[in-house]
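Working notes for the structure below.
Source: prediction; values computed, not measured. Every chain is numbered from 1, with letters handed out A, B, ... down the list of sequences.
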Amino acid sequence: MKPNNSFNEKVYALLKKVPKGKVTTYKNLANKLGTRAYRAVGRAMACNPYAPKVPCHRVVSSDGTIGGFNGTKNPNSAPIKRKIALLKKEGVIVKANKIVNFERIVVL
DNA sequence: GCTTTGACTCTCG
DNA sequence: TCGAGAGCCAAAG
């Protein structure tokens, strides 16, 4: 369960590389990891043991949409909405769970 | 060790 | 333009 030395670790590392006020996409992360495990990346976020370290809310789908972590039935993902609000403060405009300014999506 | 699921993406209808 | 289905990879059970 949640191996600290695995694929997900690499995802967290890339996520931490994302500058503040910027967001990234699952596809991008997977591509950087040299894999097509887009879903694996998202799943790693669901199990992310690095809550404050890994800004999962900073990761969006390739279309710029938030995805589903905000609409998840998981109670742990509920307060993430608050993180999105903070993200907006940083310069990332999120409207209706979607990134308005795509310029904020940075490619690692 | 095999089967199921998942915060996704792409293509076809 | 919108909707549904198949595909890929990895981790959890």
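Note on residues 47-57 of chain A: no pairs pass salt bridge (Lys or Arg N to Asp or Glu O under 4.0 Å), not counting sequence neighbours. Within the structure, salt bridge (Lys or Arg N to Asp or Glu O under 4.0 Å) contacts touching residues 33-42 of chain A (residues at least two apart or in different chains) do not occur.
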Protein and nucleotides 1-4 of chain C: nitrogen or oxygen contacts under 3.5 angstrom:
none

Would you tabulate the pairs of protein nitrogen or oxygen atoms and nucleotide nitrogen or oxygen atoms of nucleotides 9-13 of chain B closer than 3.5 angstrom?
from   : atom 1 : to      : atom 2 : distance (Å)
B:dT9  : OP1    : A:Ser62 : N      : 2.6
B:dC10 : OP1    : A:Lys27 : NZ     : 2.4

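The NZ atom of A:Lys81 sits 14.0 Å away from atom NE2 of A:His57, with the distance rounded to the nearest 0.5 Å.
In this structure, A:Met45 places its CE atom 13 Å from C1' of C:dA11, rounding to the nearest Å. Taking atom CZ of residue A:Arg43 and atom P of nucleotide C:dA10, one finds them 11 Å apart after rounding to whole Å. Regarding A:Leu33, its CG atom lies at a distance of 14 Å from the C1' atom of B:dC8, rounded to whole Å. The separation between A:Leu15 atom CG and B:dA7 atom C1' is 12 Å, rounded to whole Å. For the pair A:Glu9 CD and C:dA11 P, the interatomic distance rounds to 11 Å; values are reported in whole Å. Note: CG (A:Asn8) to P (B:dG6) measures 18 Å, nearest angstrom. Rounding to whole angstrom units, CZ of residue A:Arg36 and P of C:dG7 are separated by 17 Å.
Put simply, the side chain of A:Val18 does not reach to within 4.5 Å of the side chain of A:Val59, judged on heavy atoms.
The side-chain contact (heavy atoms from CB on, under 4.5 Å) test with A:Leu14 is passed by exactly one of A:Lys17, A:Lys16, A:Lys10: A:Lys17.
Of all nucleotides listed (B:dA7, C:dA12, C:dC9), B:dA7 comes nearest to the side chain of A:Cys56.
Of the possible polar contacts, none joining the A:Arg58 side chain to the A:Leu15 backbone as a donor-acceptor pair under 3.5 Å is found. At least one donor-acceptor pair closer than 3.5 Å links the side chain of A:Lys98 to the backbone N or O of A:Ala96.
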Can I get a per-line list of side-chain donor-acceptor pairs under 3.5 Å for residues 20-27 of chain A, giving both atom names and the distance, sequence neighbours left out?
from    : atom 1 : to      : atom 2 : distance (Å)
A:Lys20 : NZ     : A:Glu90 : OE2    : 3.4
A:Thr24 : OG1    : A:Asn28 : ND2    : 3.4
A:Thr25 : OG1    : A:Asn28 : N      : 3.1

Identify each donor-acceptor pair in which a side-chain atom of residues 100-108 of chain A lies under 3.5 Å from a protein atom, sequence neighbours left out, and give them as a table.
from     : atom 1 : to      : atom 2 : distance (Å)
A:Asn101 : OD1    : A:Ile93 : N      : 2.8
A:Asn101 : ND2    : A:Gly91 : O      : 2.9
A:Arg104 : NE     : A:Gly91 : O      : 3.3

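For A:Tyr38, the ring pair (Phe, Tyr, Trp, His ring centres under 6.0 Å) test picks out no residue, with sequence neighbours left out. For A:Thr65, the side chain to side chain donor-acceptor pair (under 3.5 Å) partners at least two apart in sequence or on another chain are A:Ser61.
A donor N or O paired with an acceptor N or O is found under 3.5 Å between the base of B:dG6 and the side-chain atoms of A:Arg39.
Of the residues in residues 100-108 of chain A, none lies under 4.0 Å from DNA chain B by heavy-atom distance.
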